[in-house]
2 protein chains.
Amino acid sequence: MAQQFSIGEMAKVGNCQVQTIRYYEEIGMLLKPSRTAGNQRVYTQAHRDRLNFIRHSRELGFSLAQIRTILALNDDPSHCCAEVDKIARAHLSEVESKIARLDDMRTELQRMIGACAGGLVSDCRIIEALSDHSLCLSDEHQK
Amino acid sequence: MAQQFSIGEMAKVGNCQVQTIRYYEEIGMLLKPSRTAGNQRVYTQAHRDRLNFIRHSRELGFSLAQIRTILALNDDPSHCCAEVDKIARAHLSEVESKIARLDDMRTELQRMIGACAGGLVSDCRIIEALSDHSLCLSDEHQK
DNA sequence: CTTGAACCTATAGCGACTGTAGGTTGTAGA
DNA sequence: TCTACAACCTACAGTCGCTATAGGTTCAAG
């Protein structure tokens with residue numbers, strides 16, 4: 001007999017909360033599982049695989065909408081891989097621009113913190129820097 | 001007579017939308033301005049400065065709650081700067097760990113995309129990699 | 001005096017969950 | 001068999017920081 005899983009076991013495997021699994025079911029990311037006589041969800045290995053896919057994709061930062069699309073493409077195995085590739089590349093460039101923005105933030109924060117002499121807030125360089133954008137060395141984070 | 005600003009001018013200055021300004025007022029980040037006879041908001045330079053502070057802090061990634069705290073500290077000018085410094089340092093380290101996580105994502109995405117030969121989805125290395133966490137070179141993004 | 005942009009309020013929606021309330025089921029030990 | 005108690009169930013509100021929509025009013029230019 002095929003292996004079965006409770007929602008709690010699924011949550012452990014997927015490294016997420018029980019509510020998250022129910023949420024995925026609600027929005028149609030996971031198929032509705034069968035139930036016990038007492039109305040509790042019973043999952044199969046197929047559910048587990050799908051949850052793994054979703055969770056791993058989420059860890060890599062894909063949106064649920066992107067994951068939904070990839071899963072749909074996957075369901076048509078004769079389909080060309082190009083679209084999956086396109087989604088992954090788009091996501092990569094999004095990740096890269098997030099990194100760039102955060103790098104700018106880091107630079108500016110370090111500069112602000114470095115300038116702080118630790119006196120009264122009336123002399124605080126951090127507050128001064130936050131007050132006035134023109135004090136920024138770079139304007140990268142404006143974009 | 002002191003300079004006055006409409007909500008639209010404020011939005012331009014703050015590089016945000018008109019609704020955002022009304023939202024800041026609603027949640028108490030900006031003081032309620034006076035109104036014209038026709039019930040339209042009229043802002044002063046003080047409002048503008050405060051909006052600048054908020055928007056610049058947001059661009060640097062501070063949460064509204066953090067900004068609220070810093071503004072409160074600022075309102076007590078005899079207060080020591082140490083707490084402001086603490087918030088800024090905490091935020092910096094958050095930014096740094098976000099960068100680290102995104103760097104891991106980038107590495108993994110590049111690896112996946114690099115492995116894709118461009119055939120059918122049934123042979124797709126990207127989908128394979130998403131399906132199975134154990135295929136990851138690093139497990140950094142699990143944390 | 002008309003047109004149209006800019007303003008007003010109130011409320012719902014976004015993404016991806018997370019938390020709460022209040023009830024039911026399953027299981028392990030006495 | 002009884003009793004705890006963890007794990008499950010549904011339904012719905014809340015998080016963050018806006019953004020969008022509907023339906024109405026005011027302001028300034030021509």
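For the numbers below, each heavy atom of this structure counts, side chains included, while hydrogens, waters and symmetry mates do not. Letters go in sequence order (proteins before strands), and every chain restarts at 1.
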Between B:L64 and B:R58, does the side chain to side chain contact (heavy atoms under 4.5 Å, CB included) criterion hold? Intermediate values first, please. CA-CA 7 Å; B:L64 289 177; B:R58 289 290 301 131; 3.6 Å; yes

Walk me through whether B:Y43 and B:Q4 qualify under side chain to side chain contact (heavy atoms under 4.5 Å, CB included). CA-CA 5 Å; B:Y43 294 96; B:Q4 303 196 140; over 6 Å; no

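Checked options A:L60, A:I67, A:N52; the residue passing with B:L130 is A:L60 (criterion: side-chain contact (heavy atoms from CB on, under 4.5 Å)).
Listed pair A:R41 / D:dC8 fails the phosphate criterion, with no side-chain N or O lying under 4.0 Å from OP1 or OP2. Considering only side-chain N and O atoms, A:S6 lies under 4.0 angstrom from the phosphate OP1 or OP2 of D:dC8.
Scanning for side-chain contact (heavy atoms from CB on, under 4.5 Å) contacts around A:Q19 gives A:Q17, A:R22, with sequence neighbours left out. With sequence neighbours left out, A:R125 forms a salt bridge (Lys or Arg N to Asp or Glu O under 4.0 Å) with A:E128.
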Table please: side-chain donor-acceptor pairs of residues 23-32 of chain A below 3.5 Å, with sequence neighbours left out.
unit_1: A:Y24; atom_1: OH; unit_2: A:R55; atom_2: NH1; d: 2.9
unit_1: A:E25; atom_1: OE1; unit_2: A:R41; atom_2: NE; d: 2.8

Report, as a single string ordered 5' to 3', how protein heavy atoms within less than 4.0 Å touch nucleotides 15-30 of chain D: B base, S sugar-phosphate only, - not at all. --BBBBB----SS---

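A continuous path of hydrophobic side-chain contacts links B:M105 to B:I99 [ILVMFWY only; heavy atoms under 4.5 Å].
The stretch residues 85-99 of chain A has no heavy atom under 4.0 angstrom from DNA chain D at all.
Among the atoms of the strands shown, none is found under 4.0 Å from any heavy atom of A:I27.
Taking 4.0 Å as the cutoff to heavy atoms of chain A, we find the contact window on DNA chain C bounded by C:dA16 to C:dG26.
Classification of B:R106 and B:D103 as a salt-bridged pair holds, one side-chain N sitting under 4.0 Å from a carboxylate O.
Proximity of a side-chain donor or acceptor of A:T20 to a complementary backbone N or O of A:C16 within less than 3.5 Å is not detected.
What you find for A:V18 and A:G8 is that their closest heavy atoms are CG2-CA, 4.1 Å.
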